[in-house]
Amino acid sequence: LEEGLIFEIGRTDVTGVDIEDAGDFTPRLGGHERKADLGLPGLAEPEAMRHYVRLSRMNYGIDSGLFPLGSCTMKHNPRLNEKMARLPGFADVHPLQPVSTVQGALALIKELSRWLLSLTGMEAVAFTPKAGAHGELCGMMAIKAAHIANGQKRHIVLVPESAHGTNPATAALIGYEVKSIPARADGTVDPAAVKAALTPEVAALMLTNPNTCGLFERDVVEIAEAVHAAGAYFYADGANFNAILGKVKVGELGVDAMHINLHKTFSTPHGGGGPGAGPVVLSKALAPFAPVPAIVADGAGLKLVEDEGEAGAVQALGRMSAFHGQMGMFVRAMAWMLSHGADGMKQASEDAVLSANYIRACLGDVMSVPFGERPAMHEALFDDAWLEGTGLSTLDIAKALIDEGYHPMTVYFPLVVHGAMLIEPTESESKASLDLFIGALRDLAFAAKAGEKERFLGAPHYAPRRRLDETRAARAPVLRWVKPQPLPEAAE
Amino acid sequence: LEEGLIFEIGRTDVTGVDIEDAGDFTPRLGGHERKADLGLPGLAEPEAMRHYVRLSRMNYGIDSGLFPLGSCTMKHNPRLNEKMARLPGFADVHPLQPVSTVQGALALIKELSRWLLSLTGMEAVAFTPKAGAHGELCGMMAIKAAHIANGQKRHIVLVPESAHGTNPATAALIGYEVKSIPARADGTVDPAAVKAALTPEVAALMLTNPNTCGLFERDVVEIAEAVHAAGAYFYADGANFNAILGKVKVGELGVDAMHINLHKTFSTPHGGGGPGAGPVVLSKALAPFAPVPAIVADGAGLKLVEDEGEAGAVQALGRMSAFHGQMGMFVRAMAWMLSHGADGMKQASEDAVLSANYIRACLGDVMSVPFGERPAMHEALFDDAWLEGTGLSTLDIAKALIDEGYHPMTVYFPLVVHGAMLIEPTESESKASLDLFIGALRDLAFAAKAGEKERFLGAPHYAPRRRLDETRAARAPVLRWVKPQPLPEAAE
Amino acid sequence: MRYLPLTPEDRTEMLARIGAPSVDALFADIPAAKLDPALADLPAHKTELSVERTLGALSAQNVPAGSVPFFVGAGAYRHHVPATVDHLIQRSEFLTSYTPYQPEIAQGTLQYLFEFQTQVGELTGMEVANASMYDGSTAAAEAVLMAHRVTKRRKAVVAGNVHPHYRETIATLSLYADDAVVALSPVPQGGEDILSAIDGETSCVVVQSPDVFGNIVDLKPIAEKAHAAGALLIAVFTEVVSLGLIEPPGAQGADIVVGEGQSIGNPLTFGGPYVGLFATRQKYVRQMPGRLAGETVDASGKRGFVLTLSTREQHIRREKATSNICTNSGLCALAFTIHLTLLGETGLRKLARLNHANACKLADKLAAVPGVQVLNSAFFNEFTLRVPGKAVDVIEKLAAKGVLGGVPYARLAPKAGLDDLILVAATEINTDEDRAAYAAALKEVLA
Amino acid sequence: MRYLPLTPEDRTEMLARIGAPSVDALFADIPAAKLDPALADLPAHKTELSVERTLGALSAQNVPAGSVPFFVGAGAYRHHVPATVDHLIQRSEFLTSYTPYQPEIAQGTLQYLFEFQTQVGELTGMEVANASMYDGSTAAAEAVLMAHRVTKRRKAVVAGNVHPHYRETIATLSLYADDAVVALSPVPQGGEDILSAIDGETSCVVVQSPDVFGNIVDLKPIAEKAHAAGALLIAVFTEVVSLGLIEPPGAQGADIVVGEGQSIGNPLTFGGPYVGLFATRQKYVRQMPGRLAGETVDASGKRGFVLTLSTREQHIRREKATSNICTNSGLCALAFTIHLTLLGETGLRKLARLNHANACKLADKLAAVPGVQVLNSAFFNEFTLRVPGKAVDVIEKLAAKGVLGGVPYARLAPKAGLDDLILVAATEINTDEDRAAYAAALKEVLA
């Protein structure tokens with residue numbers, strides 16, 4: 001059964017919401033009444049319920065099965081967190097209510113900050129960024145603000161070639177020139193290469209650690225020292241924080257700024273593409289430049305500093321967005337942290353790393369493992385060398401995995417290995433679940449080598465849709481529904 | 001992907017609930033500690049979430065599509081009602097808290113009763129019965145109690161042959177002998193037949209109106225008068241109340257007792273088999289015999305009469321169950337009633353009846369309609385005459401409907417027509433939805449007549465399971481999981 | 001109206017297709033004088049916001065258990081239910097599905113019922129369990145009828161320490177079914193003499209453990225005497241969490257075990273909906289009331305589940321059915337089985353232990369209040385206080401001080417002449433502060 | 001720990017399979033001195049009950065909007081959201097799914113995004129919309145960058161009556177991107193002169209309507225002047241419900257329309273997460289930031305949807321991307337589209353009309369309070385009060401009386417010297433009693 005678009009099944013004269021009649025009154029719109037129809041279809045409530053239930057059933061989520069997405073940490077989303085986020089004291093408060101009526105909300109943000117600072121060993125938190133990339137932007141702005149305050153004009157940002165695409169995009173967005181640092185043979189960044197690139201033009205190094213090959217940058221301290229010695233700052237991409245949460249404090253490694261994806265490490269739900277939250281932890285050097293608003297405590301309770309230049313935000317870099325950040329995500333993350341505690345978070349990191357290494361160990365004989373000489377962190381990286389001669393690509397393996405009941409792993413990223421497959425099981429899987437997944441991949445590997453091509457090239461066979469034509473979508477983009485024109489009358 | 005049983009995937013040493021340690025203390029169990037293992041498997045929270053999400057995806061619900069079950073009224077379940085039932089003042093109050101702390105709960109029950117009485121034109125409500133069949137039991141007990149109070153010994157209950165199975169079962173449960181009344185050719189009960197059966201032995205007549213053939217018993221007033229004239233009582237089965245809600249008050253037709261399925265007419269969710277709620281409305285004659293508890297108002301507020309013989313329940317028939325009935329269902333039903341109001345309920349009945357007649361009109365040319373000379377109420381009844389010569393049965397049509405994306409209609413009930421198919425669309429469907437359903441059935445009817453046997457005999461083809469072997473299940477019942485015994489060692 | 005998809009134009013078109021001049025024509029069989037009665041006392045339809053306000057106002061007139069120190073039990077218990085449970089039971093495919101008569105598209109329901117049946121069997125120590133009853137009290141009444149069918153006798157002996165509501169529910173059903181009930185007198189401190197009431201006409205003995213006063217009862221001697229007399233032992237419980245810590249009735253010779261399952265997975269909700277548990281021995285299965293899910297295979301040989309042994313049931317057997325039960329407590333059973341799956345053996349044992357520990361702490365704390373006596377020597381999470389004066393008044397005064405301190409036994413059984421007893425329950429939700437608040441308030445009330 | 005399925009035995013077995021002597025061996029690349037730092041300031045794991053208590057206590061320290069007469073707006077609005085919306089967005093398959101990079105198993109997400117894009121297009125009167133931004137303010141800042149790309153100029157003119165937070169967000173991003181911003185001064189009573197700020201270097205003009213003071217702005221003359229100068233008009237709104245009643249920016253010549261979508265489907269949540277709406281003309285689509293869902297077909301010819309034009313995006317284009325945005329507001333967009341689908345044209349128009357009616361009633365009521373002046377002649381559901389004395393103090397005093405009466409403009413822009421203005425919002429949630437309570441409290445406060 002196919003599900004039509006709301007524009008095909010709904011009607012503008014139907015509504016699923018009863019609204020009180022406004023009665024007679026004289027509008028004061030100054031002549032700006034909308035004249036044209038809106039063209040918005042409505043559905044009665046039972047119809048709407050079915051439409052979205054049916055759509056949902058065409059989706060795959062963590063609750064459906066293992067979600068092995070490297071770098072995107074899709075872990076269990078406890079419903080306790082959803083329940084907490086819906087408490088009226090959090091969900092039903094306005095950002096601009098008098099501060100005296102939101103003391104609990106401010107206290108929660110303050111407590112979240114305390115936990116993040118303790119876990120990272122940093123000095124301050126900018127809590128307003130709305131997602132990871134927004135956090136990167138905030139962190140890089142803080143770096144630029146610091147250089148400006150120091151009278152420095154530096155225009156280069158160093159980014160390893162294995163970096164997430166957001167890193168160079170962010171640097172470029174605020175006017176930096178991006179210079180790439182190659183990886184060495186073992187998949188990590190060479191301190192010597194960094195040092196060689198560290199001219200006085202360099203404003204910052206952006207580094208993901210553990211890196212996108214799933215390895216811990218073991219020379220990170222040496223790199224950080226070199227960056228600092230050159231008068232630059234060290235920006236860390238926090239996407240892979242899940243491997244080291246509670247195991248090491250990034251502040252002790254020399255990091256100046258790192259965004260934290262609450263929707264990865266702290267399990268706020270991904271929701272099909274957000275909302276996220278990307279608080280940024282800042283070192284002592286960058287702390288003064290954190291954006292407004294800030295929360296400060298005084299005798300009378302907690303206070304919000306909402307304007308640049310006010311006490312508490314004298315050197316603030318500015319404002320990242322309206323209001324005070326992603327409160328709903330803060331509550332969920334706080335619930336997750338309280339639930340785990342210090343012991344549980346450390347255990348979670350260890351289980352995530354253990355599970356990734358277990359997958360690598362169990363698949364290493366049938367798939368090819370680059371950089372296998374070092375222990376993996378929370379991700380297992382494979383390349384496509386093992387597919388040579390099969391006529392199949394990484395994409396084919398990914399799509400065939402759908403037929404086995406799994407979401408595909410991350411593919412073709414990082415760019416530094418050929419045909420990458422990056423698998424992150426997270427700490428949310430039982431051994432039985434890991435073994436099933438390993439079994440499925442082994443089975444696919446044998447099938448690939450045995451030449452069962454149709455199983456792969458035609459995959460997925462058992463999904464709501466077969467492979468979709470992305471080229472067609474991009475060539476002549478259809479980005480919205482358009483009312484079909486009535487066919488011209490046939491000539492009589 | 002098949003989903004194992006919790007006993008196959010869980011382990012007794014795993015838990016998905018963290019519980020505070022009880023610490024050291026001296027138990028006071030008097031030597032009754034449990035010695036043996038419980039043998040209960042646990043799942044960590046992420047595993048449990050997946051298990052039940054996957055199970056749910058093997059089910060069909062109203063939110064999945066049209067649910068044409070005759071006599072079982074599966075209508076839209078608004079989520080507002082679920083939200084209201086979860087308000088702490090309803091969900092988190094104990095039935096035995098001091099009455100002063102639950103005035104709002106009592107007021108709600110009182111208000112629900114007021115609505116039910118107004119809608120039925122009756123005198124009193126027994127609100128504790130926990131489901132329709134329990135309500136029947138309550139109503140029939142009230143009748144028995146009234147006869148006892150009047151010094152009457154009557155041992156026969158008249159039940160038309162088209163009655164729901166619960167009617168005779170209920171009568172038999174409290175010691176009545178059941179005598180069947182045949183239907184006349186037009187599908188309704190003949191007042192003459194009732195009169196002929198009304199001996200002084202007869203305690204009551206149980207009648208469903210609209211009846212299970214989907215027709216309104218047009219002689220109901222005459223029948224009721226005859227029943228009363230014979231010193232018996234008139235019990236009405238409320239399963240089909242949805243057709244006449246707001247259109248006629250059953251009290252004005254001479255009914256003495258009728259249970260109301262809140263989970264049918266008032267849309268509390270069916271939940272895969274309950275919980276329901278079956279309040280019983282009683283006439284003036286039976287009102288004094290309502291079971292405890294009762295709610296009475298005095299100057300200080302609302303009071304619960306919980307014991308037989310107390311003021312307010314002097315002639316109470318006894319107690320139907322612990323506590324005060326299905327509060328959770330009361331809240332949901334009340335929310336539904338408030339949402340509809342008097343106008344909306346009447347409109348709902350009209351729409352339900354209109355939709356059923358529409359289905360009958362649109363299928364009458366390809367399927368056979370018994371009793372077609374009278375307008376249908378909220379159900380359209382078909383028999384299997386139209387299948388003659390096709391080699392197919394009503395069951396085959398039902399199972400083939402699954403492949404079209406629908407839950408089957410009610411089949412082989414009522415028993416008075418051969419191979420019955422009873423379709424109740426309810427008021428929750430749009431015309432487009434009805435037309436799709438009609439189209440699917442027409443298509444099946446043509447296919448059946450065209451001899452496409454495999455489409456039917458092998459159906460369902462596209463469900464989580466093919467047809468299940470019910471005979472095998474009943475012959476050697478396996479009603480629980482049993483730990484597999486280890487295979488005996490092979491002889492050396 | 002937001003729930004009604006038909007528009008006026010739809011209605012006109014549909015009438016035309018039917019060939020009816022008006023909607024009223026479809027209601028022609030209703031006597032015209034009775035059609036469309038006045039409903040002037042009922043308001044018109046309301047917006048969602050307005051419904052929320054009306055019901056919210058009523059809700060606000062109650063004192064939620066979670067808002068105060070809370071010790072009320074006597075058949076319904078406040079436990080913490082994981083958020084996962086409520087989330088899952090609200091999934092459309094569970095919430096809005098029908099009784100699984102069409103097994104091909106109801107495997108979700110059927111599999112969890114099969115799992116539920118097994119869990120109930122394990123918990124109670126019995127061989128088979130059904131797919132749920134309305135609640136513990138109606139399950140007890142049905143158990144008595146079942147015992148009559150098995151033994152072909154019609155006299156039940158009901159212990160004095162069974163929950164009075166359960167006693168009344170049994171008595172009411174028995175009265176109208178023309179069966180006899182021997183009802184013993186309550187013995188709050190425990191140790192009642194049940195054995196001497198059993199004779200050769202006894203169909204069954206109904207005993208509760210822990211009983212309504214909280215005493216744990218040794219069922220073995222009662223089972224022996226009953227069996228010797230050809231009668232069945234029906235064991236009742238109202239607090240299913242107790243089975244995580246104490247000997248199950250099945251291990252003590254019970255023939256039918258029934259009880260309330262609310263404690264696991266289900267909120268208090270002012271008394272319902274709850275979920276009745278019903279278990280028995282394999283040999284009696286065809287006399288059992290209620291639905292049963294059983295294992296089988298489908299046409300392609302895959303394991304699957306169906307409702308089975310339905311020839312016992314009313315929709316097939318009509319007046320010869322083992323019960324008239326039809327709709328039961330499916331969704332509450334789902335909540336139960338999910339919560340129990342989350343707990344598992346390890347969790348349930350810990351939970352039961354914590355409940356018992358909290359009850360022990362509370363008993364000590366309250367026993368130290370001058371004038372107060374704890375009656376029980378052995379108990380699980382509930383015990384009985386004897387207080388000076390009327391328990392009803394004490395409880396009201398405690399409530400006025402913001403403590404919900406338990407249930408006066410006299411509320412359950414006003415004619416028993418036991419007016420100075422309070423049934424007090426402790427669960428994992430109670431904190432040290434709660435207990436201290438109770439003791440302090442009680443001291444003040446009694447001063 | 002309830003969320004961690006591995007048992008100690010599992011861990012041992014897995015280490016053996018890996019061939020590692022211990023878990024620490026897997027962390028060998030972390031400098032030993034830095035490994036396993038002390039976290040003594042953080043507590044150990046807590047039970048679910050305990051977490052509920054901790055967060056419940058914090059929640060209880062706030063005054064929920066629903067508990068008092070409530071008139072706070074200024075960029076976030078309290079509307080009634082049907083229960084269906086929150087139920088649906090919590091379905092596992094929506095809540096726990098990933099960005100739809102694998103379209104074969106993400107058609108649910110992709111189809112609703114396509115529907116969302118169309119709805120936003122219809123509402124704003126524009127040709128194409130993206131699949132959401134973080135919120136209205138960041139959408140506005142991104143719109144400015146986009147205008148720079150389109151016009152190849154780098155100077156934005158920002159009207160004085162744009163929400164100060166939006167102004168600052170634009171200013172901050174522009175500052176670090178080395179772009180110029182001409183920020184005009186606020187004119188509370190409306191009618192500010194924007195035209196004269198537009199010149200041949202202007203890339204875009206950013207205008208809000210209804211503006212932060214509630215005034216409805218005629219965009220047509222601004223669009224004309226901008227277009228004549230080769231600049232784009234960026235139209236901003238913070239209350240999307242207004243589009244149900246007033247002329248859409250697309251019909252007035254706007255080139256980019258951005259705004260906050262929170263009002264439809266999303267709770268206040270102290271400021272986030274919200275959902276930014278972003279629409280533009282077809283010809284600029286390749287300069288647009290953010291995700292786009294597009295229609296295509298699958299290998300068997302069926303209609304399906306995919307993320308498209310991703311060559312604009314960071315994960316493909318890296319430093320040449322149109323934006324660094326990656327995760328956006330998927331679930332909030334879902335809430336928006338579900339609520340709007342429930343409303344439909346009929347519902348949205350009624351809702352907008354009721355909002356406007358309530359604002360008119362409130363304005364009359366408050367204008368009657370001695371000393372109070374309503375500044376606006378034309379407004380939608382929000383207007384500006386001039387009060388004697390400091391608005392900040394008035395609002396605090398109202399709060400002490402249990403009325404949340406609006407936002408002092410000075411809180412948003414302390415340096416603007418407009419200390420006697422209150423922004424007051426009215427929506428469908430306000431009752432006659434609420435309005436009377438506000439007027440009475442204000443009268444007392446000002447007395």
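The figures here come from the full heavy-atom set of this structure, side chains too, leaving out hydrogens, waters and symmetry mates.
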Short question: side chain of [X], backbone of [Y] - any donor-acceptor pair under 3.5 Å?
X: B/Glu350; Y: C/Val23; answer: no
X: C/Asp29; Y: B/Leu215; answer: no
X: B/Arg480; Y: C/Glu127; answer: yes
X: C/Asn324; Y: B/Ala133; answer: yes
X: C/Tyr176; Y: B/Leu317; answer: yes
X: C/Ser97; Y: B/Tyr60; answer: no

Under 4.5 Å from any heavy atom of chain C, what part of [X] do you find: side chain, backbone, both or neither?
X: B/Met49; answer: both
X: B/Pro460; answer: side chain
X: B/His76; answer: side chain
X: B/Lys249; answer: both
X: B/Glu427; answer: both
X: B/Ile402; answer: side chain
X: B/Glu429; answer: backbone
X: B/Asn357; answer: both
X: B/Arg11; answer: neither
X: B/Asp307; answer: side chain
X: B/Ser433; answer: neither
X: B/Ala85; answer: neither
X: B/Val14; answer: backbone
X: B/Ala335; answer: both

Which atom names give the shortest non-hydrogen contact between [X] and [Y], and what distance separates them?
X: C/Pro82; Y: B/Val17; result: CG-CG2, 4.1 Å
X: B/Val478; Y: C/Phe114; result: O-CE1, 3.3 Å
X: C/Glu396; Y: B/Ser100; result: OE1-OG, 3.4 Å
X: C/Ser59; Y: B/Phe90; result: N-CZ, 3.6 Å

Among the options [options], pick out the one with the most heavy-atom pairs lying under 4.5 Å from chain C.
options: B/Ala322, B/Pro269, B/Ser430, B/Ala172; value: B/Ala322
options: B/Gly42, B/Gly104, B/Ala131; value: B/Gly104
options: B/Ala107, B/Ala171, B/Pro27; value: B/Pro27
options: B/Pro375, B/Gly344, B/Gly318; value: B/Pro375

Carboxylate-amine/guanidinium contact [X] [Y], below 4.0 Å:
X: C/Lys302; Y: B/Glu2; answer: yes
X: B/Asp21; Y: C/Arg353; answer: no
X: B/Arg57; Y: C/Glu93; answer: no
X: C/Glu104; Y: B/Arg466; answer: no
X: B/Arg472; Y: C/Asp298; answer: no

Query raised in the report: Hey, would you say the B/Phe25 and C/His356 ring centroids sit under 6.0 Å apart?
Result: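 Judged by ring-centre distance (under 6.0 Å), B/Phe25 and C/His356 do meet the cut-off.
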
Query raised in the report: Between B/His94 and C/Phe270, does the ring centre distance come in under 6.0 Å?
Result: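 Between B/His94 and C/Phe270, the centre distance exceeds or equals 6.0 Å.
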
Query raised in the report: Aromatic rings B/His407 and C/Tyr98: how do their planes relate, parallel, tilted or perpendicular, breaks at 30° and 60°?
Result: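 Answer is perpendicular, since the angle exceeds 60°.
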
Query - Ring geometry between C/His163 and B/Phe323 (parallel below 30°, tilted from 30 to 60°, perpendicular above 60°) - result: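 Rings of B/Phe323 and C/His163: perpendicular, as their planes differ by over 60°.
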
Report task. Given side chain to side chain donor-acceptor pair (under 3.5 Å), test C/Thr172 with B/Arg319 step by step and report yes or no. Result -> CA-CA 6 Å; C/Thr172 300; B/Arg319 173 178 279 282; over 6 Å; no

Query - Full working for side chain to side chain contact (heavy atoms under 4.5 Å, CB included) between C/Thr138 and B/His134 - result: CA-CA 10 Å; C/Thr138 54; B/His134 205 223; 3.6 Å; yes

Using non-hydrogen atoms and a 4.5 Å limit, figure out which bit of [X] sits close to chain B: side chain, backbone, both or neither.
X: C/Ala76; result: both
X: C/Leu88; result: side chain
X: C/Leu292; result: side chain
X: C/Val297; result: both

Report task. Please assess C/Asp41 against B/Trp115 for the test side chain to side chain contact (heavy atoms under 4.5 Å, CB included), listing each intermediate value before the final yes or no. Result -> CA-CA 9 Å; C/Asp41 53 336; B/Trp115 283 66; over 6 Å; no

Query raised in the report: side chain to side chain donor-acceptor pair (under 3.5 Å) between C/Thr109 and B/Asn59: does it pass, once the steps are laid out?
Result: CA-CA 7 Å; C/Thr109 300; B/Asn59 267 9; 2.7 Å; yes

Counting heavy-atom pairs under 4.5 Å with chain B, which one of [options] comes out on top?
options: C/Glu428, C/Arg2, C/Lys361, C/Arg349; answer: C/Arg349
options: C/Ala131, C/Ala44, C/Ala177; answer: C/Ala44
options: C/Ala106, C/Ser132, C/Gly108, C/Ala25; answer: C/Gly108

**Report entry** C/Arg17: partners by side-chain hydrogen bond (donor to acceptor under 3.5 Å, both in side chains), with sequence neighbours left out
**Finding:**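 In terms of side-chain hydrogen bond (donor to acceptor under 3.5 Å, both in side chains), with neighbours along the sequence ignored, C/Arg17 is linked to no residue.
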
Report task. Could you check C/Asp36 against B/Lys247 for side chain to side chain contact (heavy atoms under 4.5 Å, CB included), going step by step and ending with a plain yes or no? Result -> CA-CA 5 Å; C/Asp36 293 335; B/Lys247 292 296 290 180; 2.8 Å; yes

Query raised in the report: For B/Glu252, what residues pass the salt bridge (charged side-chain N to carboxylate O under 4.0 Å, His left out) criterion, not counting sequence neighbours?
Result: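 Testing B/Glu252 for salt bridge (charged side-chain N to carboxylate O under 4.0 Å, His left out), a comparison that skips the adjacent residues, returns none.
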
Query raised in the report: Can you tell if the side chain of C/Leu123 reaches within under 4.5 Å of the side chain of B/Leu40, non-hydrogen atoms only?
Result: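 Side-chain contact under 4.5 Å: yes.
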
